[in-house]
Amino acid sequence: MTTPITYQKIQTAKGILRVPIYKVSDVKDSSLRIYTGKGIGCYDLVSPSNVTPLRVMTAKGIRGIRTI
């Protein structure tokens, strides 16, 4: 995986999650995009599992958001 353009911090009951945001061209599934100060980026979406506490519904079904 390439280097993220930035990170988003999300506060949860278990602590702070750091979510990397990549260039749209650097990920396979760019369904979930986000505007940042460095331009439009997207999350790295993966198959949901116990290690993906953040999930989103896409046209391809439920996907997990890779966190650090």
Side-chain angles (χ1 to χ4, degrees):
M1 184 58 53
T2 61
T3 304
I5 58 173
T6 191
Y7 293 89
Q8 180 179 19
K9 293 180 181 177
I10 299 175
Q11 178 70 47
T12 69
K14 295 182 179 181
I16 295 175
L17 292 176
R18 285 185 62 204
V19 182
I21 300 173
Y22 299 95
K23 287 192 235 175
V24 174
S25 60
D26 290 344
V27 296
K28 291 180 184 178
D29 184 355
S30 61
S31 300
L32 183 58
R33 297 179 182 194
I34 183 169
Y35 182 77
T36 72
K38 297 183 180 182
I40 295 178
C42 61
Y43 300 108
D44 186 20
L45 300 179
V46 296
S47 296
S49 69
N50 290 340
V51 296
T52 55
L54 295 174
R55 298 180 185 173
V56 62
M57 176 59 100
T58 70
K60 298 177 183 178
I62 297 173
R63 305 290 290 163
I65 299 173
R66 188 183 311 261
T67 60
I68 292 182

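Note: hydrogens, waters and symmetry copies are ignored here, and every other heavy atom, side chains too, is used. Please read these numbers as outputs of a predicted model, since none were measured by experiment.
- Between the OG atom in S49 and the CZ atom in R55 there is a gap of 6.5 Å [rounded to 0.5 Å].
- In this structure, OG on S47 lies 11.5 Å from CD1 on I62, to the nearest 0.5 angstrom.
- Follow the hydrophobic side-chain contacts under 4.5 Å out from Y22 and you never reach V24; the two are in separate clusters.
- Contact record, T67 with P20: CA-CD, 4.1 Å, taken as the closest heavy-atom pair.
- More than 12 heavy atoms of other residues, nucleotides or ligands lie within 6.0 Å of CD1 in I34, so this atom counts as buried by the packing criterion.
- A pairwise comparison of heavy atoms in V51 and P53 identifies O-CD, 3.3 Å as the closest pair.
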Where do L45 and I65 land on the side chain to side chain contact (heavy atoms under 4.5 Å, CB included) test, with the steps shown first? CA-CA 5 Å; L45 300 179; I65 299 173; 3.8 Å; yes
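- The side chain to side chain contact (heavy atoms under 4.5 Å, CB included) test applied to I5 returns I21, K23, T36, not counting sequence neighbours.
- Atom CD1 of I40 has 12 or fewer heavy atoms from other residues, nucleotides or ligands within 6.0 Å.
- Using a 4.5 Å heavy-atom cutoff, the side chains of I68 and Y7 are in contact.
- Going from atom OG1 of T2 over to atom CG of D26 covers 3.5 Å, rounded to the nearest 0.5 Å.
- Taken together through direct or relayed side-chain contacts under 4.5 Å among Ile, Leu, Val, Met, Phe, Trp and Tyr, L54 and L32 form part of one hydrophobic cluster.
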